[in-house]
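Read the structure below first, then the notes.
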Amino acid sequence: MVPVSTYAPLFDLRHTLESGQFFRWTREGDAYTAVRGLRLFRVRQRGTTLEAQGADAWFLQEFLSLDHDLADVERRLRRDRKLWEALDFAPGLRLLRQDPWECTAAFILSIASNIPRITGNVADLARTWGSPLRLGGLAAHAFPRPGQIGDEAGLRRLRLGFRAKYLAQAERLASAGLLEEIAQLPTEEARDALMVVPGVAEKVADCILLFAYGRLEAFPVDTWIRRVLRERFFRGRAVPDRALRAFATERWGDLAGYAQQYLYHWSRSTALARRNAPSPAQLRGRRRCTTMY
DNA sequence: GGCCAGGTCCAAT
DNA sequence: ATTGGACATGGC
């Protein structure tokens, strides 16, 4: 995979794609296969160079936000000592520019769910109603556009649960052009406009603003962020989401969204690593077993 | 086998 | 303006 290569300093493909903002990728070794809109592509990072097929440099620049001044982002966030661990954990992590409709649908599906399940739900929708895509010998499906997707009953058959109704209604609003209008609005108004969509309230709206519309000040408060803020910034005291958002805006300003993504990725990664690591009891048990034989 | 999940909505204070 | 429970499934 070399046909297109582009220079990408202060960028980390793995952290960027695997930080939970995007659900349309698979990995084999260091090579990622991904779908964004109607584009199926493969991409790999070699140092500060990106190699790709199915994607040109212009597309990668846009989708991967290579135009963000990450040196400035990291320098400004690093003034906050409580972000150091999260920043050091994933240097080069960038916020993507996703397709607004795909992002809206994915984060409606994220409600009371988890990343493996969301990924599966999105893949099911694509396989069922999306346009077929090819790249050499590779086949995949685009995420279905508004109008291509099934009705609520059809969506329920894909095991979306109560999210089926939300997605069906969101599709109608998207068909009416709501998501294009939002691009023109200042962030607060865009947020209110998104929250007209059933299934989109504060948290999901902030995800869409951050991951699809480049509103880097948006600060989605989910269970992970709630917990990491409580533990790290509020001495374990419970704080209402509204106050957490206000805190983030006050503390990190127009980069609150970047702070959020570094904190989210770091807290989630370290928590999962702890969960998967053998407990001290298991280690003791294992040692005892090995000495028995 | 339960608990809880990248929440939202609605009804009852 | 806040608060609690229902919502459909499935990871772990």
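By convention in this document, chain letters (A, B, ...) are assigned in the order of the sequence lines, proteins followed by strands, and residues within each chain are numbered from 1.
The CG atom of A:Leu155 sits 12 Å away from the P atom of C:dT9 (whole-angstrom rounding). Here the C1' atom of nucleotide B:dC4 and the CZ atom of A:Arg226 are 13 Å apart, to the nearest Å. To the nearest angstrom, P of B:dG6 lies 14 Å from CG of A:Leu109. Rounded to an integer number of Å, the gap from CD1 of A:Ile118 to P of C:dT9 is 17 Å. Between A:Leu272 atom CG and B:dG6 atom C1' there is a gap of 12 Å when expressed in whole angstrom units. As a whole-Å value, the separation of A:Phe22 CZ from B:dG6 C1' is 16 Å. Note: CZ (A:Arg156) to P (C:dG10) measures 13 Å, nearest angstrom. The nearest whole Å value for the distance from the CG atom in A:Leu160 to the C1' atom in B:dG7 is 16 Å.
Among the heavy atoms of the strands lying under 4.0 Å from A:Gly20 is at least one base atom, whether or not backbone atoms are also near. Residue contacts shown for A:Pro240 are absent, as no nucleic acid heavy atom lies under 4.0 Å away. When heavy atoms are screened at a 4.0 angstrom cut-off, A:Ala112 is found touching base atoms of the nucleic acid. Here A:Val204 lies in heavy-atom contact (under 4.0 Å) with sugar-phosphate atoms only.
Within 6.0 Å of the CZ atom in A:Arg75, the count of heavy atoms belonging to other residues, nucleotides or ligands exceeds 12.
Side-chain proximity of A:Arg117 to C:dT9, B:dC9, B:dG6: nearest is C:dT9. In this structure, the nucleotide among C:dA8, B:dG6, B:dT8 sitting nearest to the side chain of A:Ile111 is B:dT8. Of the candidates B:dG6, C:dC7, C:dT9, C:dC7 carries the atom nearest the A:Phe162 side chain, counting heavy atoms from C-beta on.
For the P atom pair drawn from C:dT3 and B:dG6, the interatomic distance equals 24 Å after rounding to whole Å. Nucleotides C:dG5 and B:dC4 have their P atoms positioned 14 Å apart, rounded to a whole Å. When the P atom is compared between C:dA8 and B:dA11, the two are found 15 Å apart, to the nearest whole Å. Separation of the P atoms belonging to C:dC12 and B:dG7 is 15 Å when rounded to the nearest angstrom.
A:Asp30 pairs in a salt bridge (Lys or Arg N to Asp or Glu O under 4.0 Å) with only one of the listed residues (A:Arg14, A:Arg42, A:Arg46), which is A:Arg46.
For A:Arg242, a side-chain nitrogen or oxygen approaches OP1 or OP2 of C:dT2 to under 4.0 Å. One finds a side-chain N or O of A:Arg159 lying less than 4.0 angstrom from the OP1 or OP2 phosphate oxygen of C:dG10.
Between A:Asp222 and A:Arg268 there is no salt bridge, since none of the side-chain N atoms of the basic residue sits less than 4.0 Å from a carboxylate O of the acidic one. Contact check on A:Arg245 versus A:Asp241 returns no salt bridge, with no Lys/Arg side-chain nitrogen under 4.0 Å from an Asp/Glu carboxylate oxygen. Ion pairing between a basic and an acidic side chain is recognised when a charged N comes within 4.0 Å of a carboxylate O; A:Asp69 and A:Arg76 show no such pairing.
One cannot find a donor-acceptor pair under 3.5 Å joining the base of C:dT9 and the side-chain atoms of A:Arg163.
Take the nearest nucleotide of DNA chain B for A:Pro198 and for A:Gln21: the residue whose nucleotide is more 5' is A:Gln21.
You can call A:Tyr264 stacked on the base of B:dG6; the centres are under 5.5 Å apart and the planes sit within 30°.
Put simply, the side chain of A:Glu189 never gets that close to the backbone of A:Pro186: no donor and acceptor are under 3.5 Å apart.
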